[in-house]
Amino acid sequence: MSKEYFDKARKLLTELESYEIGSAEELEKFRVLYLGSKNTIKNLMVLIKDIDPDQKKEFGLLVNDIKQKAKDRFEREKAGLSSSEEKLDVGDLTRPGEPVELGARHPISIVRKQIIEVFTRIGFTVSEGPEIEDDWHNFGALNIPDDHPARDMQDTFFLEKDPDIVLRTHTSSVQVRVMEMMPPPIRTISPGRVYRNETISARAHCFFHQVEGLFIDKDVSFADLKQTLYYFATEMFGTETKIRLRPSYFPFTEPSGEMDISCLICKGKGCSVCKHSGWVEILGCGMVDPQVLKNCKIDDTKYSGYAFGMGIDRITMLKYRINDIRLFSENDVRFLKQFTALDVS
Ligand code: PHE
């Protein structure tokens with residue numbers, strides 16, 4: 001008979017020693033079960049009256065030992081739980097937060113956005129094309145055959161030869177893609193990065209950014225081009241800005257021109273930025289050569305158009321009086337963060 005009670009007591013001991021305690025709730029359950037007012041150890045104590053007299057003492061000691069072990073285990077687990085709670089300490093929740101520092105938009109992005117806004121207001125859409133181009137889209141379709149000296153005007157980075165794959169030297173390649181893809185009327189601008197194999201200096205870089213404009217419809221004339229560019233110049237640089245068109249040459253436009261604006265810095269009086277001429281050049285333009293329309297399967301007897309192309313880097317330098325183009329790609333935060341306040345939108 002007594003043996004059965006001893007076994008029961010020992011079983012209880014193993015149970016309480018292997019009882020799983022991983023959380024405060026489990027610890028509380030343990031406490032109620034083994035140390036609470038109606039705990040199971042007390043039930044063992046009741047059995048003592050039925051134990052053989054010569055074994056009563058031994059049984060009593062065993063039950064006391066179990067009670068002590070339950071208490072010890074409880075204290076141990078309690079200490080363990082509170083120290084792991086300490087590890088989760090999240091600190092003083094009333095402490096003021098650390099401010100998140102906002103980055104700034106790159107000056108090239110600010111000006112690119114402004115240019116896009118000026119043209120989208122008068123109905124231009126925005127189109128983009130690949131920076132890695134084939135020979136046809138960068139040169140061929142634009143009237144620049146293999147042996148044409150115009151290829152030397154734009155020092156090209158070749159990725160593959162025969163057939164040539166190049167880093168586009170201008171965004172005029174996007175003009176060709178748009179004309180091949182959709183029928184006129186076309187009224188679009190294409191902003192993007194372009195590459196030229198030039199020696200890097202304060203005024204030139206091996207990559208820079210352009211916005212190309214293209215308008216194809218019935219009866220488009222040079223007067224339309226001039227008016228659009230005048231609108232652009234006054235929106236972009238202020239209502240007092242004057243424009244001047246000089247004849248120039250591009251293989252894909254005829255006639256071709258270059259547009260100057262009155263110097264923003266000296267207002268035309270003459271300074272070092274405009275080399276004392278009062279004018280600064282900002283873009284190339286012209287009427288799309290009918291051969292280019294034919295190359296892109298557009299009926300040149302029905303349609304005519306104009307195109308223009310400008311450098312975003314150059315315009316940004318003029319607008320913000322930046323004297324070294326290399327600053328744009330050096331990622332110097334002291335330079336970049338100066339433009340935060342300018343980007344109001
Ligand atoms: N693609 C020319 C350049 O990069 C610019 C240009 C575009 C000129 C469209 C005329 C018409 O220099």
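Whatever order the structure lists them in is the order used to number ligands and atoms, beginning at 1. Please read these numbers as outputs of a predicted model, since none were measured by experiment.
Below 3.5 Å of separation, one finds an N or O of H170 facing an N or O of ligand 1.
A salt bridge links D7 with K3: the closest approach of a Lys/Arg side-chain nitrogen to an acidic carboxylate oxygen falls below 4.0 angstrom. Ionic pairing of D65 and K69 is present here: one or more N-O contacts between side-chain nitrogen and carboxylate oxygen are shorter than 4.0 angstrom. Residues K294 and D300 are paired through a salt bridge, judged by an N-O separation under 4.0 Å between the basic side chain and the carboxylate.
Separation of the H170 and F250 ring centroids does not fall under the 6.0 Å cut-off.
Within the structure, every pair that satisfies the ring pair (Phe, Tyr, Trp, His ring centres under 6.0 Å) test and touches residues 271-318, not counting sequence neighbours, is listed here: F119-F308, F215-Y306. Each ring pair (Phe, Tyr, Trp, His ring centres under 6.0 Å) pair with one or both residues in residues 175-196, not counting sequence neighbours, would appear here, but there are none.
At least one heavy atom of R196 sits less than 4.0 Å from an atom of ligand 1. The closest approach between any non-hydrogen atom of M310 and ligand 1 is not below 4.0 Å. For the pair Y306 and ligand 1, no heavy-atom separation below 4.0 Å is found.
Near S172, the atoms of ligand 1 lying under 4.0 angstrom from a non-hydrogen atom of the residue are 1 (N), 7 (C). Those atoms of ligand 1 with a heavy atom of Q210 less than 4.0 angstrom away are 3 (C), 4 (O). Each of the atoms 6 (C), 7 (C), 9 (C) of ligand 1 lies under 4.0 Å from some heavy atom of G309. Near A307, meaning under 4.0 Å from any of its heavy atoms, are these atoms of ligand 1: 9 (C), 11 (C).
Residue F308 touches ligand 1 through its backbone alone, judged by heavy-atom distances below 4.0 Å. Proximity of C285 to ligand 1, defined as any heavy-atom pair under 4.0 Å, is confined to the backbone N, CA, C and O atoms.
Y34 and F30 have tilted rings, their planes meeting at an angle from 30° to 60° on a 0 to 90° scale.
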